[in-house]
Amino acid sequence: MSRFPRPDYQPLDLYAPDRRLVALDLSDNTNLWGAPGAALAAVQAADSDMLTRYPSLYADDLKNAIHQRYGVPLDSITTGCGSDDVLDSAFRAAGPEGGTVRFAGPTFSMIEPLALMNGRQAVEVPWSRALQSPRTLLEEDPVIVYVCRPNNPTGTSAPRSWLDKLLGAAGGSRGPLLIVDEAYADFAAETLLAEAPGIPNLLVTRTLSKAFGLAGFRVGFGVATPEVAREVEKSRGPFKVSSLSEKAAVAALQDEDDWAMRTIAECVAARERLFLALKERGLEPLRSCTNFILIPVPDGSARTWNDALRTYGVAVRPFPACPDVGDALRVTVAPWPMLERFLEALDSVLAEGQVPAPEAALAARVRNPG
Ligand SMILES: *Cc1c(COP(=O)(O)O)cnc(C)c1O
């Protein structure tokens, strides 16, 4: 009998978002302000040793920079080739083989594939239910519970009081591994990062792909108790952050000029302006505390909107039949001139009647998920 495909990999496919070239790409939440100058300078100053030699085993320079910037102890930090790698390693590190990863959805599209890749079942609890009772995330004895906060693709953030209830009910070291994905916390008011080293069975993950503008370098990290951080490091293995990536990430985190903080402030201002501009057009965007906005559209029309906007050279991310929300478009916040181009395309598409116009009924349909 053939060894391929592995039976439980049958539902898996290659990740294939629409990557056709387009003049303005607002589809993947990467940083449209660019990359920090300090990171570019660090890469340009690289010498041949950085190419010929292996990187550090466990990214000690990167851990030092994270320790300095966020004040978390060195032994509570784990790093990876993007935070996807940290999530993947954590999915492998926890509990016995098999079992479930339980998560509040809609959420990050990589969670289901990462669960399957690690021989686990992914079980979605709708945000509306999870928010009513955090205990619904703990039902049926999951090995891992995943919460994205602020959440992708809704842009909203579960209240801190809700998170505290979940942490209380999870059972600490006797409970499942609780992962709080803070990929967008740089844009939000609040974070769990500083507390994570003291909370058993909690892993908070971060990425340098969004606010820090380094998606191409693939750098992410996690913060947990030393016990959890070490197990995740073991399951990930050494040499996962390349020398150049580490150098760029350290420069970005230690940047005197703090390019990231400045562009975060600009991004938040542009986000609020975009929110109002969308409301003026009769749309009902969800309140966001990230660098993107989710816009519900009439059911069955997300792909039509996406195709119509593409004819004007603008890419967004369509979400057909998004749980709790229905059809929706996710738009990455960018410098205002780019958002003006997006709004022009939106106006043209609406004026031409290429898409079903937003109706008042839309507002009623949108419940506010996590
Ligand atoms: C973009 C994103 C990540 C990031 O990933 P990297 O692998 O660090 O690029 C993680 N979680 C969520 C929810 C994201 O949207």
Side-chain angles (χ1 to χ4, degrees), residues 15 17 19 25-32 35 39 59 62 66 77-92 101 103-115 117-118 122 124 127 130 144-158 163 178-188 191-193 203-223 232 236 240-242 245-246 248-249 252-253 260 264 267 271 286 288-294 316-317 319 322-323 328-334 369-370:
Y15 185 51
R19 301 275 287 179
D25 188 350
L26 305 178
S27 74
D28 69 3
N29 301 344
T30 48
N31 200 322
L32 289 153
L62 176 58
I66 293 163
I77 304 167
T78 177
T79 65
C81 174
S83 58
D84 281 13
D85 188 28
V86 179
L87 292 169
D88 183 36
S89 309
F91 278 20
R92 264 197 305 284
V101 177
F103 64 97
T107 198
F108 188 32
S109 59
M110 287 304 293
I111 295 310
E112 286 202 51
L114 284 174
M117 281 152 69
N118 288 291
E124 181 174 84
W127 266 111
I144 293 157
V145 171
Y146 171 88
V147 169
C148 189
R149 181 177 183 269
N151 186 44
N152 177 6
T154 56
T156 50
S157 187
L163 190 64
L178 179 59
I179 300 177
V180 176
D181 184 339
E182 290 197 348
Y184 299 98
D186 299 290
F187 303 97
T191 165
L192 209 58
L193 205 62
L203 174 70
V204 174
T205 59
R206 287 284 186 110
T207 178
L208 274 79
S209 298
K210 310 285 160 60
F212 287 91
L214 296 180
F217 270 117
R218 314 299 304 120
V219 181
F221 65 96
V223 175
V232 175
R236 190 212 53 214
K240 290 298 165 72
V241 178
S242 79
S245 297
E246 183 169 19
L253 290 165
I264 288 166
C267 178
R271 178 183 81 203
L286 272 61
S288 166
C289 43
T290 61
N291 69 338
F292 57 86
I293 289 187
L294 192 72
V316 299
R317 183 68 58 89
F319 284 86
C322 201
L329 307 174
R330 194 191 64 195
V331 181
T332 305
V333 176

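For reference, positions follow the sequence shown, starting with 1. Order of listing sets the numbers, starting from 1, for every ligand and every atom in it.
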Asker: Any non-hydrogen side-chain atom of Ile179 less than 4.5 Å from a side-chain atom of Phe91?
Answerer: yes
Asker: Measuring from atom 15 (O) of ligand 1, which candidate in Tyr146, Phe108, Tyr184 has the nearest non-hydrogen atom?
Answerer: Tyr184
Asker: Quick check on contacts: which atoms of ligand 1 are under 4.0 angstrom from a heavy atom of Lys210?
Answerer: 1 (C), 2 (C), 3 (C), 4 (C), 14 (C), 15 (O)
Asker: Give me the atom names and distance for the closest heavy-atom approach of Pro153 to Leu294.
Answerer: O-CB, 3.3 Å
Asker: At less than 4.0 angstrom from any non-hydrogen atom of Asp181, what atoms of ligand 1 do you find?
Answerer: 10 (C), 11 (N), 12 (C), 13 (C)
Asker: Please lay out, stage by stage, how Arg317 and Asn29 fare under the test side chain to side chain donor-acceptor pair (under 3.5 Å).
Answerer: CA-CA 10 Å; Arg317 183 68 58 89; Asn29 301 344; over 6 Å; no
Asker: Output yes when Arg218 and Asp85 qualify as a salt bridge under the 4.0 Å nitrogen-oxygen rule, no when they do not.
Answerer: no
Asker: Within the 4.0 Å heavy-atom shell around Thr207, which atoms of ligand 1 are there?
Answerer: 5 (O), 6 (P), 8 (O), 9 (O)
Asker: For Cys148, is the nearest heavy atom under 4.0 Å from an atom of ligand 1?
Answerer: yes
Asker: With a 4.0 Å cut-off on heavy atoms, does Gly220 reach ligand 1?
Answerer: no
Asker: For the CG atom of Asp181 and the OG1 atom of Thr207, what is their distance to the nearest 0.5 Å?
Answerer: 8.5 Å
Asker: What part of Asn152 sits under 4.0 Å from ligand 1 if we count only heavy atoms: the side chain, the backbone, both or neither?
Answerer: side chain
Asker: Any nitrogen or oxygen of Asn29, main chain or side chain, under 3.5 Å from a nitrogen or oxygen of ligand 1?
Answerer: no
Asker: Enter the distance from Ser27:OG to Phe292:CZ here, rounded to the nearest 0.5 Å.
Answerer: 12.5 Å
Asker: Can you tell me which portion of Met110 lies within the under-4.0 Å heavy-atom range of ligand 1? Options are side chain, backbone, both, or neither.
Answerer: neither
Asker: Any idea which of Ala215, Ser83, Ser209, Ser109 brings a heavy atom closest to atom 9 (O) of ligand 1?
Answerer: Ser209
Asker: Using side-chain heavy atoms (C-beta onward) and a distance below 4.5 Å, is Arg19 in contact with Asp28?
Answerer: yes
